[in-house]
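What follows is a set of notes on a single structure, which appears directly below.
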Amino acid sequence: MTNESSSSASNFIREAIEEDLRQGRFTYVRTRFPPEPNGYLHIGHAKAICIDFGLAEAFGGKCNLRFDDTNPVKEDVEYVEAIKEDIHWLGFDWEDREFYASDYFEQLYQFAIKLIKKGKAYVDDLSPEQIREYRGTLTEPGKESPYRNRSVEENLNLFERMRAGEFPDGARVLRAKIDMASGNMNLRDPVMYRIIHATHHRTGDQWCIYPMYDFAHGQSDSIEGVTHSLCDLAYEDHRPLYDWFLDELEIFHPRQIEFARLNLSYTILSKRYLKQLVEQGYVRGWDDPRMPTLRGMRRRGYTPEAIRRFIEQIGVSKNESLVDISLLEHILRDDLNQRVPRVMGVLDPVKVVITNYPEGQVEEFEAVNNPEDESAGTRLVPFSKVLYIERDDFREVPPPKYHRLSPGREVRLRYGYIIRCEEVVKDPQTGEVVEIRCTYDPETRGGYAPDGRKVKGTIHWVSALHAVDAEVRLYDRLFTVPEPGKPEEGKTYLDYLNPDSLKVLTGCKVEPSLLNAVPGDRFQFERKGYFCVDPDSTPGHPVFNLTATLRDTWAKIEGELQGG
RNA sequence: UGGGGCGUGGUGCAAUGGCAGCACACCAGACUUUGGAUCUGUGGAUCUUGGUUCGAAUCCAGGCGCCCCAGCCA
């Protein structure tokens, strides 16, 4: 269960590729991941990336990175850099195959000329509103534009002048002449080129006409010799259009195969919504650890391996599904459990004084760094008379089945001694426990009871004298319902934001070995969860992000006790 | 009679005419110096109707349900 066979799971796309190779439709495999540089990558993109790169590799082929940058007003270099960084972090490499649809603008233009000359494309003067009206509806056919039958010469002339910048935005478009009565809306004379007087992040002011995605994507794949163009289900009914362009242009014909995109419970994976969360301040940025963006997950402490294993596990199909986020969390924990060092950190400290422990004495106990990995070795943890333990690890009135510290009861300090609670000091005003006074049994060094007595509870602790102060940011799911993207009548996804998705804890006490931790370092705080050092950390004052809690069986028991 | 796609436990994915299986979740137990991890076990599914067949989740026909498409976005 720990090490799944890597990327060998079969799926319908893999079978289709095998079939293509067997039949000689293609003699090699080339895929591509085609993001538009207008936003940050999220876990949904990770699925596409793993499929595109993974399948190419599985067949000894390559995967190109191609930016589909056909809309200058929405795109920016900032996004291309971020996208490249995130793909590399995930563990994939496109080597020298970094392409841009904008690299093909001149060729695309020539393709358009060819279609005009074939009488398969025309310049339309209709306004955007008119084009919409002429398009018809889902159940009624559209009608042909009065400009549809212009001569080839006139179309050529007009299109050249569009390129030359003679017309304002929106004045004219170039359209494919296909079928205004088609049941497939994409075939009702789709727009191929529009006029946009805007500076493109790569081509500058070289162009004022830009190809539509539909006129760029298929041909870009063709130019690159892409054999298998894998994409979202949404493009299923665009395929006949791409086929039409490729066939009319008589160029290399890739095979497009569509699969369902990822939906994750308690999560939103829409660029538009994610952007809104950032811009309206619902989260602290694109890399907020609560975000499903790759940068957010990275900052949260996710490993790229866990994300890739998750994508393998969920499989590939055409079913529109909602994957339970607990699967992601399970795989994350499984990965972290194997590789991350253990450490002790007290999130909500309360003071414990060992009354019979010598004043000023310090001992060091050997602690195992990772019980799952012997090679991780051990470390020394200092112990002294005054300690901090978790406030929740003490109950003045212990509930049933509670086997931690309470008056008159014993508990084991992990790697330390067995202690007994003798006295509780409370704040006279608030009644809050301010100090727990205990005695220790000197015979139990290391936590072993030589008399064989059973001590059920083992709790973590930090020596007050040696503790490092830390900030800990606790995260919970951003949304309170499984499908925030499908709000009930009259609500929006924002109505389901979890008000408790972030809790900032200050004054946390962590063991001194954590003083040298650097941003990105991951740890398991024993009995609490996995944490990752945040870039906001300053020397001597680390900040930790909760990556994932440990399974908490006690919380479940207690919840059931309270629930009746 | 617009076009396209999809229906398998609660969730996701398998089974490619031959005993419906795996993972997560759930529930119960064992073990435990992390109430972690690990181990064992229980329950639960083929949208529906009819047909073909010795045999159907799979093939055929009809029905039902859900999703996508009317940007000069991608």
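This is a predicted model, so every value here is computed, not measured. Reminder, nothing fancy here: chain letters follow the sequence lines and each chain counts from 1.
Counting any heavy atom pair closer than 4.0 Å across all strands shown, A:Y193 reaches no nucleic acid atom. A:T137 comes within 4.0 angstrom of a base, heavy atoms only. Note on A:L264: nothing from the nucleic acid sits closer than 4.0 angstrom, heavy atoms only. Backbone-only engagement by A:E236 is indicated by non-hydrogen atom pairs under 4.0 Å involving sugar-phosphate atoms exclusively. Within 4.0 Å of A:M344, counting heavy atoms only, lies no atom of the nucleic acid at all. A:L550 comes within 4.0 angstrom of a nucleotide base, judged by non-hydrogen atoms across all strands. Note on A:N337: a base of the nucleic acid sits closer than 4.0 angstrom, heavy atoms only. When heavy atoms are screened at a 4.0 angstrom cut-off, A:F67 is found touching no nucleic acid atom at all. Heavy atoms of A:K271 sit nowhere under 4.0 angstrom from any nucleic acid atom. Counting any heavy atom pair closer than 4.0 Å across all strands shown, A:R342 reaches a base atom. Base contact: A:V173 has a heavy atom under 4.0 Å from a base atom. Across all strands shown, A:H217 has no heavy atoms under 4.0 Å from either base or sugar-phosphate atoms.
Glycosidic conformation at B:G41 (O4'-C1'-N9-C4 for purines, O4'-C1'-N1-C2 for pyrimidines): anti, more than 90° from 0.
In this structure, B:C22 forms a base pair with B:G12, meeting either the Watson-Crick or the G-U wobble geometry with both donor-acceptor distances under 3.5 Å. With both pairing distances under 3.5 Å, B:A57 is matched to nothing as a Watson-Crick or G-U wobble pair. Across all strands shown, B:C27 pairs with B:G41; the Watson-Crick or G-U wobble distances both stay below 3.5 Å. B:G2: Watson-Crick or G-U partner is B:C69, with both key distances under 3.5 Å.
Counting only heavy atoms from C-beta on, A:K318 has its side chain closest to B:C6 among B:C6, B:C69, B:C24. For A:E320, whose side chain is taken as the heavy atoms from C-beta onward, the closest listed nucleotide among B:C67, B:C13, B:G36 is B:C67.
Under the 3.5 Å distance criterion, with hydrogens and angles disregarded, no donor-acceptor pair is assigned to the side chains of A:Y417 and A:D441.
A:L138 places its CG atom 6 Å from the C1' atom of B:C69, with the value rounded to the nearest Å. We find that CD1 of A:I131 is positioned 11 Å from P of B:C73, with the value rounded to whole Å. Nucleotide B:G36 holds its P atom 16 Å from the CD1 atom of A:I459, rounded to whole Å. If you measure from atom CZ of A:R527 to atom P of B:U34, you get 10 Å, rounded to the nearest angstrom. Atom CG of A:N11 and atom C1' of B:U16 are 14 Å apart (whole Å). In this structure, A:E526 atom CD and B:U32 atom P are separated by 18 Å, rounded to whole Å. As a whole-Å value, the separation of A:Y122 OH from B:C72 C1' is 13 Å. Rounded to an integer number of Å, the gap from A:H403 NE2 to B:G36 P is 9 Å.
Between A:S145 and A:L126, the shortest heavy-atom distance links the atoms OG-CD2, 3.5 Å.
Going from the P atom of B:G10 to that of B:C19 covers 23 Å, rounded to whole Å. The gap from the C1' atom of B:C27 to that of B:C67 amounts to 34 Å, rounded to the nearest Å.
Between the CD atom of A:E372 and the CZ atom of A:R342 there is a distance of 5.5 Å, given to the nearest 0.5 Å. Separation of atoms CZ (A:F167) and CG (A:D125) is listed at 8.0 Å; rounding is to 0.5 Å.
In this structure, A:H200 has its ring center closer than 6.0 angstrom to the ring center of A:F105.
More than 12 heavy-atom neighbours from other residues, nucleotides or ligands sit within 6.0 angstrom of CZ on A:R391.
When the options A:Y122, A:F111, A:Y109 are evaluated for a ring-ring contact (aromatic ring centres under 6.0 Å, His included) with A:F159, the one that passes is A:Y109.
If you check distances only, the side chain of A:D552 never reaches the base of B:G35 with a donor-acceptor pair under 3.5 Å.
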